[in-house]
Amino acid sequence: ILKKTTVTTKAGAMILNISVQSNVAVDAYKNVQAYADAFVERANQLIPDGDVKIMDSAQVPESAIKPNVNHNTVIGFLLGLLISVSISFLLEYMDNTLVTKEEVEEYLDLSVIGIIPENNME
């Protein structure tokens with residue numbers, strides 16, 4: 001529970017912000033409320049004249065914060081597109097095969113005796 005709990009302070013003010021991440025929204029709500037109640041009770045015991053109170057009560061979240069499915073889908077799509085295009089360009093760049101008669105004559109300085117025609121059967 002402590003790993004999922006975050007307590008932050010506001011600079012220049014004596015305000016604590018308590019947040020809990022949980023798979024179940026009601027559990028997070030109950031944990032935050034328990035922490036806040038225990039803190040107020042303990043602070044009032046330590047400082048009897050202090051006026052420690054809860055400014056805003058805990059609220060049950062209406063929607064999940066994590067995972068953001070739309071955000072993750074867009075990032076996955078863009079990464080997949082980028083990786084696939086990069087691999088295509090890399091494979092094309094690394095392709096060193098000779099395909100045409102002109103390439104054989106240019107790179108190997110050999111004359112071509114014959115070629116194998118493409119078989120276009122329809």
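For reference, positions follow the sequence shown, starting with 1.
In terms of heavy-atom proximity, Ser84 sits nearest to Leu81 at OG-O, 3.0 Å.
With sequence neighbours excluded, the residues satisfying side chain to side chain donor-acceptor pair (under 3.5 Å) with Thr97 are Asp95. For Glu102, the side-chain contact (heavy atoms from CB on, under 4.5 Å) test picks out Thr100, with sequence neighbours left out. Partners of Leu108 by side-chain contact (heavy atoms from CB on, under 4.5 Å), not counting sequence neighbours, listed by chain and number: Leu98, Val104, Leu110. Under the side-chain contact (heavy atoms from CB on, under 4.5 Å) criterion, Ser88 pairs with no residue, sequence neighbours left out. Scored by the side-chain contact (heavy atoms from CB on, under 4.5 Å) test, Asn72 finds Pro67 as partners (sequence neighbours excluded).
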Donor-acceptor contacts, no H, no angles, side chain residues 43-54, under 3.5 Å, sequence neighbours left out:
from	atom 1	to	atom 2	distance (Å)
Asn44	ND2	Val40	O	3.2
Gln45	OE1	Arg42	NH1	3.4

Enumerate, atom names and distances included, each donor-acceptor pair closer than 3.5 Å involving a side-chain atom of residues 1-11, sequence neighbours excluded.
from	atom 1	to	atom 2	distance (Å)
Thr5	OG1	Ile1	O	2.8
Thr5	OG1	Tyr35	OH	3.4

Let me check something: any side-chain donor-acceptor pairs from residues 20-28 under 3.5 Å, sequence neighbours excluded? List them with distances.
from	atom 1	to	atom 2	distance (Å)
Ser22	OG	Val24	N	3.3
Ser22	OG	Val24	O	3.4

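Using a 4.5 Å cut-off on side-chain heavy atoms (C-beta onward), Leu78 and Leu82 make no contact.
Side-chain heavy-atom separations under 4.5 angstrom define the hydrophobic clusters, and the remaining members of the one that includes Leu91 are Ile83, Ile87. Chaining together hydrophobic side chains whose heavy atoms lie under 4.5 Å apart places Met55 alongside Ile15. Membership of the apolar cluster around Leu79 extends to Ile75, as traced through chained side-chain contacts below 4.5 Å between ILVMFWY residues. With a 4.5 Å cut-off between side-chain heavy atoms of Ile, Leu, Val, Met, Phe, Trp and Tyr, the cluster of Met94 takes in Leu90, Tyr93.
Counting non-hydrogen atoms of neighbouring residues, nucleotides and ligands closer than 6.0 angstrom, the CD atom of Gln59 reaches no more than 12 such neighbours.
No continuous path of hydrophobic side-chain contacts links Tyr29 to Ile18 [ILVMFWY only; heavy atoms under 4.5 Å].
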